[in-house]
Amino acid sequence: MMMKPKLKAKNILKILKRRYPEVRCALDHENPFELLVSTALSAQCTDKQVNKVTPALFERYPSAMELSSARVADVRRRIRAVGLFDTKSKNLVAMAKLLVKDHGAEVPRDRESLEKLPGVGRKTANVVLSNAFDFPALAVDTHVKRLSGRLGLSGSENVDKIEKALCELFPKEEWRDISHRLIQFGRDVCDARKPRCDGCELYECCDYRGGESPRAR
DNA sequence: ATCCCGAGGG
DNA sequence: CCCTCTGGAT
């Protein structure tokens, strides 16, 4: 019973909405600057680690203006718990300088400018665009990548193609939340190494099924 | 030991 | 495409 991708996507959307009625960005922040910084810090670590260092960080550096004149060593000390701090601390200060120089110390609202910021890639840019500015964007991270592959929504292509495929599959107004739901589901059920396929609500929609089908990890 | 709600560089 | 960077959780 091969389902058409479009219909399959619709079912997945429905099931995930039921499972996660309300979705929020794990790194919830009141202003774009804080969202940008904490999202950039979240690379290769948990949001718990990020939330541990950001309060003190933002107390000392409330905006791009203050952060732009920070000493890298001080920032590094403050963010040590998130790991990869050597690169991240340098990037944060450089990023703030660029914000002050080119964007009036504000967070730019277009993808091109965001991705020029040191330490900001496609994923972070999409999170900021969709969560801070309500621009339709679908963030693809490792969870989304893995789930998309397993469910058979896209091939195991590169991130750009996966993002494009998912954007065609899901309605624009869902782009922001579907990645959060896929991420959540990836953590709760579809683990990278030991997926809990028994009792999985998406089993019927899945091309992977614990490895039964020849699909990418 | 191994992986993580990445990004940058080779 | 591949690798590396890191602390923390498991």
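Each chain gets a letter, A, B and so on, in the order the sequences are listed, and its residues count up from 1. Worth saying up front: this structure is predicted, and the values here are computed from it rather than measured.
Contacts of A:Glu34 classified as salt bridge (charged side-chain N to carboxylate O under 4.0 Å, His left out), with partners at least two apart in sequence or in another chain: none. Checked against side-chain hydrogen bond (donor to acceptor under 3.5 Å, both in side chains), A:Ser130 has no partners two or more places apart in sequence or in another chain. Applying the salt bridge (charged side-chain N to carboxylate O under 4.0 Å, His left out) criterion to A:Asp134, with sequence neighbours excluded, gives A:Arg176. Remark: A:Asp86 pairs with A:Arg76 by the side-chain hydrogen bond (donor to acceptor under 3.5 Å, both in side chains) rule, at least two apart or across chains. Listed by chain and residue number, nothing satisfies the side-chain hydrogen bond (donor to acceptor under 3.5 Å, both in side chains) test with A:Gln184 (two or more places apart in sequence, or in another chain). Checked against side chain to side chain contact (heavy atoms under 4.5 Å, CB included), A:Gln44 has the following partners two or more places apart in sequence or in another chain: A:Leu84.
One can place CG of A:Asp191 at 17 Å from P of C:dA9, the figure rounded to the nearest angstrom. At whole-Å resolution of the value, CZ in A:Arg80 and P in C:dG7 are 8 Å apart. Here the P atom of nucleotide B:dC4 and the NZ atom of A:Lys145 are 11 Å apart, to the nearest Å. Atom CG in A:Asn51 sits about 13 Å away from atom P in B:dC5, given to the nearest Å. Regarding A:Arg146, its CZ atom lies at a distance of 10 Å from the C1' atom of B:dC4, rounded to whole Å. In this entry the distance linking CZ of A:Arg122 with P of B:dG8 reads 13 Å, nearest Å. Separating the NZ atom of A:Lys194 from the P atom of B:dT2 is a distance of 16 Å, rounded to the nearest angstrom. Distance CG (A:Leu36) to P (B:dG6): 15 Å, rounded to an integer number of Å.
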For this session: Report the C-alpha distance between A:Val75 and A:Lys90 in whole Å, list the side-chain angles of each, state the deciding distance to 0.1 Å, and finish with yes or no for side-chain contact (heavy atoms from CB on, under 4.5 Å).
Result: CA-CA 8 Å; A:Val75 176; A:Lys90 263 185 268 183; over 6 Å; no
For this session: Would you sort out whether A:Cys205 and A:Lys8 count as a side-chain contact (heavy atoms from CB on, under 4.5 Å), showing the intermediate values?
Result: CA-CA 6 Å; A:Cys205 310; A:Lys8 183 192 274 199; 4.2 Å; yes
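At most 12 heavy atoms of other shown residues, nucleotides or ligands fall within 6.0 angstrom of atom CD in A:Glu59. Heavy atoms of other residues, nucleotides or ligands lying less than 6.0 angstrom from CD of A:Glu173 number more than 12. Open room surrounds CZ on A:Arg196; 12 or fewer heavy atoms of other groups in view lie less than 6.0 Å from it.
Salt-bridge formation is not detected for the pair A:Asp160/A:Lys164: no Lys NZ or Arg NE/NH1/NH2 atom is positioned less than 4.0 Å from an Asp or Glu carboxylate oxygen. A salt bridge is defined here as a Lys NZ or Arg NE, NH1 or NH2 lying under 4.0 Å from an Asp or Glu carboxylate O, and A:Glu201 with A:Arg18 fails to meet this definition.
Residues of residues 83-94 of chain A having a heavy atom closer than 4.0 Å to DNA chain C, listed by number: A:Gly83, A:Leu84, A:Phe85, A:Asp86. Within a heavy-atom distance below 4.0 Å of DNA chain B, the residues of residues 37-46 of chain A found are A:Ser42, A:Ala43, A:Gln44, A:Cys45. Within residues 137-144 of chain A, no residue has a heavy atom under 4.0 Å from DNA chain C. Remark: A:Ile183 in residues 165-185 of chain A come within less than 4.0 Å of DNA chain B through at least one heavy atom. Annotation: proximity of residues 124-135 of chain A to DNA chain B (heavy atom, distance under 4.0 Å) is found for A:Thr124, numbered in ascending order.
Comparing B:dC5 with C:dC1, their C1' atoms are spaced 23 Å from each other, to the whole Å.
Here A:Met65 sits in one hydrophobic cluster together with A:Val100; the rule is ILVMFWY side chains under 4.5 Å apart, joined directly or through other members.
Both A:Phe85 and A:Leu27 belong to a single network of hydrophobic side chains, linked directly or stepwise wherever heavy atoms of I, L, V, M, F, W or Y lie under 4.5 Å apart.
Across A:Ser148 and A:Ser154, no two heavy atoms sit closer than the pair OG-OG, 2.6 Å.
Comparing A:Leu117 and A:Asp47, the nucleotide of DNA chain B nearest to each residue sits closer to the 5' end for A:Asp47.
Nearest to the side chain of A:Gln49, among B:dC5, B:dT2, C:dG8, sits C:dG8.
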